[in-house]
Structures are given as structure tokens and as C-alpha cells.
Amino acid sequence: QVQLVESGGGLVQAGDSLRLSCDASGRTVSRYNLGWFRQAPGKGREFVATLRWSDGNTAHADSVKGRFTISRDNAKNTVYLQMNSLKPEDTATYYCAAGGYLSVHARQYSYWGQGTQVTVSS
């Protein structure tokens with residue numbers, strides 16, 4: 001079992017930056033792939049970024065590439081999502097997830113946090 005807790009969301013203006021954190025506990029994080037997904041009301045869960053803990057390899061969705069960066073802190077078992085140049089269309093609940101597969105598909109992740117809300121105003 002893995003417990004995931006997101007933090008760092010909030011209400012910001014377009015063009016601002018936020019840094020989301022996902023604190024992991026339980027099983028060794030190095031065994032997992034970590035991902036960030038987001039979901040707006042009435043919409044499906046959308047892939048944002050993923051990180052393979054074992055070697056730090058990352059991938060980002062085209063919609064956030066160049067603006068968002070996923071990273072890790074090995075000592076703290078924490079994964080971050082640095083979000084720059086935020087746009088209103090980035091407004092969503094952001095979820096941290098962990099799974100045994102390197103994937104952009106939500107169904108391949110077994111453990112999920114409760115989510116943190118990001119709201120970007122014009």
C-alpha cells in the first residue's frame with residue numbers, strides 16, 4: 001500500500017506559478033512510477049506528467065510541455081509538479097498517482113491521493 005498526499009494548490013491569476021507536492025509513504029517509492037493527472041468538473045481524468053523513480057525519466061503531456069515540470073526528492077519520497085505560466089484552462093483538481101507500470105493511462109495506476117485544487121483566473 002502507498003499513501004499519497006498532495007499539497008500546494010490554490011487560487012492564482014493567469015501567468016502565475018505554483019508548485020505542487022506529493023508526499024508518499026508506505027511501500028518504497030523507488031518501486032513505482034509516479035504520475036500527475038488532473039480533472040475538471042464534468043470531464044475525464046487527464047494525464048499531465050509521469051516520472052519513473054528508478055532512473056528519473058519523465059514525460060509530459062503536450063498541453064503542458066514547456067510550462068510544467070515533474071521532479072523528485074529521493075530523500076523525502078516526494079514528487080513535485082512545478083507549474084509556470086498558468087492558464088485558465090489549467091483549472092482542475094490535480095491528483096498524484098503511483099503504479100507499477102510506466103504509463104500515461106490512469107487505469108495503470110493503483111494508488112491515488114485525494115487531490116489538490118488549482119484555480120486559475122483570467
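What you see below is based on every heavy atom in this structure, not just the backbone, and it leaves out hydrogens, waters and symmetry mates.
- Residues Glu89 and Ser63 are not in side-chain contact: their nearest non-hydrogen atoms beyond the backbone lie 4.5 Å or more apart.
- For Ala59, the side chain to side chain contact (heavy atoms under 4.5 Å, CB included) criterion is met by Thr50, not counting sequence neighbours.
- Across Ser122 and Pro88, no two heavy atoms sit closer than the pair OG-CG, 3.7 Å.
- Under the 4.5 Å side-chain contact rule for hydrophobic residues, Tyr32 and Phe47 do not share a cluster.
- Listed by first and then second residue, the side-chain hydrogen bond (donor to acceptor under 3.5 Å, both in side chains) pairs involving residues 2-16 amount to none (not counting sequence neighbours).
- Ring geometry, Tyr94 versus Phe68: the interplanar angle falls from 30° to 60°, so the pair is classed tilted.
- At least one side-chain heavy atom of Gln117 sits under 4.5 Å from a side-chain heavy atom of Thr91.
- Applying the 6.0 Å contact sphere to CD of Gln114 captures no more than 12 heavy atoms from other residues, nucleotides or ligands.
- The CG atom of Leu18 lies 4.5 Å from the CE atom of Met83; values are rounded to the nearest 0.5 Å.
- Each of Leu81, Leu20, Thr93 was checked for a side chain to side chain contact (heavy atoms under 4.5 Å, CB included) with Thr116, and the lone residue meeting it is Leu20.
- Within the 4.5 Å cutoff, no side-chain heavy atoms of Asp23 are placed close to those of Lys76.
- Taking hydrophobic clusters as Ile, Leu, Val, Met, Phe, Trp and Tyr residues chained together by side-chain heavy-atom distances below 4.5 Å, Leu34 shares a cluster with Val48.
- Looking at heavy atoms from C-beta onward, Asn74 lies in side-chain contact with Trp53 at the 4.5 angstrom threshold.
- Taking all atoms of both residues into account, the shortest heavy-atom contact from Ile70 to His60 is N-NE2, 3.1 Å.
- Under the 4.5 Å side-chain heavy-atom criterion for grouping Ile, Leu, Val, Met, Phe, Trp and Tyr, Trp112 is not connected to Val2 through any hydrophobic cluster.
- Summarising the geometry of Gln39 relative to Gly44, their closest heavy-atom pair is CG-O, 3.8 Å, with the distance given to 0.1 Å.
- Side-chain contact between Trp36 and Val79 is present, with at least one heavy-atom pair separated by less than 4.5 Å.
- A distance-only check finds no donor-acceptor pair linking the side chain of Arg52 to the backbone of Asn57 [under 3.5 Å].
- Linking Ile, Leu, Val, Met, Phe, Trp and Tyr residues whenever their side-chain heavy atoms come within less than 4.5 Å places Leu4 and Val118 in a single cluster.
- Other residues sharing the hydrophobic cluster of Tyr80, ordered by chain and number and joined by side-chain separations under 4.5 Å: none, the residue standing alone.
- Note on Lys87 versus Asp90: no salt bridge recorded, every NZ/NE/NH1/NH2 to OD/OE distance being 4.0 Å or above.
- In the hydrophobic clustering of ILVMFWY residues, with side-chain heavy atoms under 4.5 Å counting as a link, Val64 and Val12 come out together.
- Nearest heavy atoms, Tyr109 versus Gly35: CE2-N, 3.9 Å.
- In this structure, CZ in Arg38 is found 9.0 Å from NZ in Lys43, a value given to the nearest 0.5 Å.
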